[in-house]
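Below is one structure, written out as structure tokens, with a few remarks after it.
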Amino acid sequence: MFTSEKGVVEEWLSEFKTLPETSLKSYATNLKDKSSLVSSLYKVIQEPQSELLEPVCHQLFEFYRSGEEQLLRFTLQFLPELIWCYLAVSASRNVHSSGCIEALLLGVYNLEIVDKQGHSKVLSFTIPSLSKPSVYHEPSSIGSMALTESALSQHGLSKVVYSGPHPQREMLTAQNRFEVLTFLLLCYNATLTYMPSVSLQSLCQICSRISVCGYPRQHVRKYKGVSSRIPVSSGFMVQMLTGIYFAFYNGEWDLAQKALDDIIYRAQLELYPEPLLVANAIKASLPHGPMKSSKEGTRCIQVEITPTSSRISRNAVTSMSIRGHRWKRHGNAELTGQEELMDISEVDEGFYSRAASSTSQSGRSKGSRQNRSSSDMESVSCWNLQSRFKYDLSFEKIVFKI
């Protein structure tokens with residue numbers, strides 16, 4: 001570490017101690033623009049034997065518990081590097097040199113698991129439904145979904161997953177280490193949109209290092225320093241993938257691609273199904289080449305817009321199609337009724353004329369009238385007679401007179 005960089009850090013340490021309470025907000029706003037300070041702090045953290053490491057960790061913790069949002073994010077941007085340094089020191093069995101880093105990680109963890117009133121937090125997450133679009137899928141790409149009775153009974157129901165309450169920790173052990181680190185990465189991922197590029201680069205690099213250290217791929221990557229295997233949990237790897245997925249679309253394509261390949265390599269060796277599922281899903285959804293986006297532009301994950309009505313399948317059952325189907329049935333019923341009335345009117349004309357002619361020919365015998373009437377009746381279908389009896393009572397009177 002150069003003398004100029006050491007002087008920048010020392011000035012930063014002394015400046016905050018003399019800062020009045022009223023100037024805290026403006027100080028926090030201007031702090032993120034000090035790129036030379038950020039790079040110097042990274043070098044301090046990467047040197048476990050540095051004499052400035054302990055006061056730096058203490059001040060970062062003071063930033064975090066100050067309650068100022070900008071200072072909190074300033075501390076969080078160093079979280080991937082702090083986790084790597086702690087795991088690297090733990091793998092080398094030199095636990096005493098990581099005491100201040102462990103204290104900082106525990107302090108951030110214990111602050112995050114409680115709310116402002118000191119009560120334990122319970123985080124909730126609603127699992128998205130496949131019938132509704134999300135950042136991971138579009139319902140139109142899945143194909144037609146059968147609208148069965150079982151699907152209707154499940155419609156509108158959502159499954160909520162809860163995390164917590166988390167217990168407070170006084171020290172990191174082999175049993176609770178990755179429980180704490182996984183929760184810390186979860187807090188980091190919640191603020192990914194505010195993280196600078198240098199923090200995303202650090203995240204990708206430490207994910208790659210953690211995944212291959214102690215394995216043959218370490219020689220391919222030419223990573224030096226730690227040669228021991230670093231144990232990881234399945235949940236910790238899933239949280240690493242969350243940050244890497246964001247880095248793909250925010251200017252760190254090459255580093256994120258390398259980290260993704262290394263995590264898949266490690267997950268295959270460990271036979272972890274959850275990281276393999278998430279990693280392969282990310283890999284399958286990536287475009288064929290790097291995204292053309294500026295590192296200084298808007299940070300977001302690009303997704304397909306919800307499909308318009310022209311792209312919806314014709315077989316899809318919607319409220320409009322149900323109403324249209326009902327109107328179609330009503331229209332057919334009206335048309336059928338009109339055809340029936342037309343048939344009845346034709347029957348009316350024939351029978352009215354025959355009834356008039358039968359009354360004028362009074363000289364004929366009763367048998368001949370009955371024969372003529374029976375022959376006329378045979379020309380009318382049985383269905384038309386039934387319809388006529390239903391719609392016109394006067395026809396019934398005429399038949400009886402005949």
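Predicted, not measured: the structure shown is a model, and the values here were computed from it.
Applying the ring pair (Phe, Tyr, Trp, His ring centres under 6.0 Å) rule to pairs touching residues 44-77 yields Trp12-Phe63, Phe16-Phe63, Phe63-Phe74, Phe74-Phe78, sequence neighbours excluded.
No side-chain donor-acceptor contact under 3.5 Å links Ser50 to the backbone of Glu47. Remark: the backbone N or O of Tyr194 is not paired with any side-chain donor or acceptor of Thr191 at under 3.5 angstrom. Under a 3.5 Å cut-off, the side chain of Asn250 and the backbone N or O of Ala247 do not form any donor-acceptor pair. With Glu112 contributing its side chain and Val108 its backbone, the two residues share no donor-acceptor pair below 3.5 Å. For Ser23 (side chain) and Leu19 (main-chain N/O), no donor-acceptor pair under 3.5 Å exists by modelled atom type.
The CD1 atom of Ile264 sits 8.5 Å away from atom CD1 of Ile282, with the distance rounded to the nearest 0.5 Å. From Lys258, atom NZ reaches atom CG of Asp254 across 8.5 Å, with rounding to the nearest 0.5 Å. Summarising the geometry, atom CD1 belonging to Ile244 is positioned 10.0 Å from atom CG belonging to Asn189; distances are rounded to the nearest 0.5 Å. Distance OH/Tyr249 to CH2/Trp253: 6.5 Å, rounded to 0.5 Å. Rounded to the nearest 0.5 angstrom, Arg266 CZ and Asp261 CG are separated by 15.5 Å.
Residues Tyr188 and Ser199 have side chains that bring a donor and an acceptor to within less than 3.5 angstrom of each other. For the 3.5 Å distance criterion, the side chains of Tyr86 and Arg177 qualify, holding a donor opposite an acceptor. Using modelled atom types and a 3.5 Å distance limit, the side chains of Gln70 and Thr29 yield no donor-acceptor pair.
The 12-atom threshold is exceeded at CD of Glu62, counting heavy atoms of other residues, nucleotides or ligands nearer than 6.0 Å.
In summary, Arg73 and Glu69 engage in a salt bridge, as defined by a charged side-chain N under 4.0 Å from a carboxylate O. Salt bridge status for Glu51 with Lys6: present, with a side-chain N to carboxylate O gap under 4.0 Å. Using a 4.0 Å cut-off between a side-chain N of Lys or Arg and a carboxylate O of Asp or Glu, Lys34 and Glu15 qualify as a salt bridge.
For the pair Arg169 and Tyr109, the cation-pi criterion (under 6.0 Å, within 45° of the ring axis) is not fulfilled.
For the pair Tyr42 and Ser202, the minimum side-chain heavy-atom distance is below 4.5 Å.
Considering only residues two or more places apart in sequence or on other chains, Val114 meets the side-chain contact (heavy atoms from CB on, under 4.5 Å) condition with Gln168.
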